[in-house]
Enquirer: 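Next up is a structure, given as structure tokens.
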Amino acid sequence: MILKSVKIQNYRVYRGPEEFEIASGDKNVTVIQGTNDAGKTTMLNAITWCLYGKERTHKDQELYNSYTFDHSEIYEEIPVIVELKMEDSDGCEVTITRTSTFTKIDNEKCGAPENDFKIIKDNGNNDVFINSPNDYINAHLPVSLKDYFIFDGEQLTEFFSKNNGSIKEDVFNLSQVNLVKKSIDHVKTRLNDFITEERKKQPKLAKLRKDKLDCEDRLRNNKKELAETKSNITFYENKLNKLMDEFKNYGDNPLEIYEERDKLKNELTQRRKELSCKKIDYKKMLVDNFSKIYGYPILKEITDKGQQLKDDKYIPAPYRKDFLKSLLDDMVCICGKQLTKDSPEYKKIKELYEDTNDITDISEDINKLLGKVEAIMSNYPLNYKDVDDDIDDEILEIEEEISRLETKINEKDSEIKNSASREEIHNLDNEIANIENYKDEEHTKKGRLETKIEDDNSLLVKLKNELKKQSNEQEVINDLKIKIKFCEEVKSSLDFLYDNMVVKIHNKLQDLTTEEFKAYHWKDSYKQIVIDDNFNVKFIKNEGEVSATDPSAGTQLALAYSFITALNNLSGFELPLIVDTPLGRLDDPIRDNLGEYLPKYTKNKQLILLATENEYSGNFKNNILKYVGNSYKLDVIDEEGYDITKVI
């Protein structure tokens, strides 16, 4: 269905009647621009209400326009009308009109409305009223699929939070593959009915047929799963080969360089800490022992000189010099004998006097001093010179080790400079490990499925042989036999058709979603979008699989656009895409790309954007402008104190 125009009267802020046309064809984009609270979401609600009788979002205020209500007389009718003119696949104009007529009963409220919903089809000759309008809508614009063509961009990030079964069911409904599934279910029901009837007449034969049917279903499902598994294995092997070739470009083990450099850096940090501690300890030792260190040379000199005096036998002195002088002055020997200058005794004493050092006069004092110094030195805790030399050697050794480590780190940095970044190599290494895990899981799954298929093939041969034997032995009612055979053939054909449709839709949806997302999103780290059999959507990134709900809101929004527009392209319905707040929390690069590529991926679909002035601006506007067929602005005017929205 192609939407041609929208008409609104007395619907909330729209007093109207407001009527505007929707673009189609090559310029398939219609832009409706308005500020916050101008009525964009209200317009989305009006379209939804017209089609389905209920709004997308709940409103506390009354459905009718407040200005119209306040300016109406008591018991005057207030018609709320939304009319959509559309064109069906045959080119016939279809007018869909929903009306709620309220009657003002007092100045506060209206009574319950009278509702009317009608669809008129112009077949070219005359207007035809559709007898069951709700059935008509459900056949052409099903309510179950409204979230796939009428949606709020800001809430689109919650799309992948839906339960998986719901999304899968929606995909099958949109692609209409569910019609084939319903046909299969119907044929299978009839087949079971016939088998049940046969069972009553020929229980053993009926059971064989039922077992054969179940076995064939298992085989079909397992073969289908095996084909997908083999396809996945091929995909992962090709991916792995490419990644391994890329990894080899960086050398045998590029991460080893980074690990060795880290180890060297850790060691360097430790040695620098050790050097700092040594220097701090050395300074502390100097401060704590300053007086001892300062006095050490003097004490050492005293002990050295004292030792020299002892070696020269001046300490202890056998006699003092002043004593010898007194003998010479008194001319009396120590024995009391008088001396003469010419006597040998006098000469001997004089010789001793001249050879005796003056220090002998104070030898006792010196001896006492040396005793005290020796006492101090014996309790001295510090051999300053030895400690100083030891610490100097240790500091020098650490400094040499630091220099050696710095040289090695510089060598590693030179190697790294010519290689990829550590993050790139790490991501690549992780991706290889993840892909290998996926491949191993698929190989395990493949072996399990092959075993099941082999067992069921053997069982099927036995069942067919037994069935043939039973059919030959027992008389079978021809009518039932013909019906069962016909149902089996129809089911087999439908199963084949269904399986092929599901695979093609799945693969096309996955490829198209990936293609669109890469066009919208600026990050190369998102390698591929993967959609599993239950239509769960995941990212393949450098670091492996990531759930669709894990990345930022902007990335989720870009993915949701990709998925929904891709699904719309595969849809069996002609659905216009109507988006409120289309850019939500998207960053500028994605906004710009969305403006350029969204119209291309919705080429055969009408695209209606309800956007703010901030959204419809810049590169987004420049990129999408060439696809815009119609452009409107929601203008809020003040009419006697009431806010009324007009479509300009």
Side-chain angles (χ1 to χ4, degrees), residues 267-268 270-407:
E267 191 176 347
L268 178 62
Q270 290 301 115
R271 298 303 278 172
R272 281 176 174 163
K273 285 181 182 177
E274 189 179 345
L275 179 62
S276 177
C277 290
K278 282 288 180 189
K279 288 183 176 180
I280 290 170
D281 290 345
Y282 184 48
K283 287 177 183 177
K284 187 174 184 303
M285 182 272 292
L286 293 177
V287 171
D288 291 346
N289 297 284
F290 174 76
S291 60
K292 294 177 182 177
I293 293 169
Y294 187 75
Y296 183 82
I298 299 170
L299 295 173
K300 189 72 168 61
E301 186 178 357
I302 291 172
T303 55
D304 290 345
K305 288 188 175 181
Q307 187 59 45
Q308 185 62 47
L309 290 172
K310 287 179 181 179
D311 293 342
D312 293 341
K313 301 193 188 288
Y314 293 132
I315 298 173
Y319 27 75
R320 298 193 322 235
K321 189 167 185 173
D322 60 354
F323 171 71
L324 294 173
K325 185 175 184 304
S326 67
L327 293 177
L328 293 174
D329 289 345
D330 294 341
M331 298 296 285
V332 177
C333 181
I334 191 171
C335 62
K337 182 180 177 181
Q338 291 290 324
L339 300 174
T340 62
K341 290 185 178 182
D342 294 330
S343 65
E345 290 83 0
Y346 181 85
K347 290 179 179 179
K348 182 64 176 174
I349 292 171
K350 188 175 181 179
E351 184 181 344
L352 283 172
Y353 173 75
E354 291 172 351
D355 291 340
T356 300
N357 196 300
D358 293 340
I359 203 76
T360 57
D361 294 339
I362 56 171
S363 62
E364 290 179 6
D365 294 334
I366 290 173
N367 211 24
K368 289 179 183 178
L369 175 62
L370 288 174
K372 290 180 179 180
V373 170
E374 285 176 3
I376 293 170
M377 294 290 281
S378 66
N379 292 319
Y380 220 78
L382 176 69
N383 187 337
Y384 164 69
K385 197 61 182 167
D386 291 343
V387 171
D388 189 44
D389 291 343
D390 289 344
I391 291 177
D392 281 344
D393 290 343
E394 289 175 6
I395 289 175
L396 181 61
E397 182 183 341
I398 294 171
E399 287 175 339
E400 288 175 351
E401 180 65 14
I402 287 172
S403 177
R404 182 185 67 79
L405 290 171
E406 287 174 339
T407 301

Enquirer: Working to the nearest 0.5 Å, report the span between CD1 of I402 and OG1 of T407.
Expert: 12.0 Å
Enquirer: State plainly whether the residues R271 and E267 are in salt-bridge range, i.e. N to O under 4.0 Å.
Expert: no
Enquirer: In Å and rounded to the nearest 0.5 Å, what is the CD1 to CD distance from I395 to E274?
Expert: 10.5 Å
Enquirer: Taking everything shown except E399 itself, do over 12 heavy atoms lie less than 6.0 Å from its CD?
Expert: yes
Enquirer: Considering only distance and modelled atom types, tabulate donor-acceptor pairs under 3.5 Å from the side chains of residues 340-353, sequence neighbours left out.
Expert:
| from | atom 1 | to | atom 2 | distance (Å) |
| --- | --- | --- | --- | --- |
| T340 | OG1 | S343 | N | 3.3 |
| S343 | OG | T340 | N | 3.4 |
| S343 | OG | T340 | O | 2.6 |
| S343 | OG | Y346 | N | 3.3 |

Enquirer: Nearest 0.5 Å, please: how far is CG in L268 from OG in S403?
Expert: 10.0 Å
Enquirer: Distance from L369 atom CG to K305 atom NZ, nearest 0.5 Å?
Expert: 12.0 Å
Enquirer: Between atom NZ of K278 and atom CG of L396, what is the distance when rounded to the nearest 0.5 Å?
Expert: 13.0 Å
Enquirer: Any Lys/Arg nitrogen of R272 or E406 sitting under 4.0 Å from an Asp/Glu carboxylate oxygen of the other?
Expert: yes
Enquirer: Which residues satisfy the side chain to side chain donor-acceptor pair (under 3.5 Å) test with Q338, sequence neighbours excluded?
Expert: none
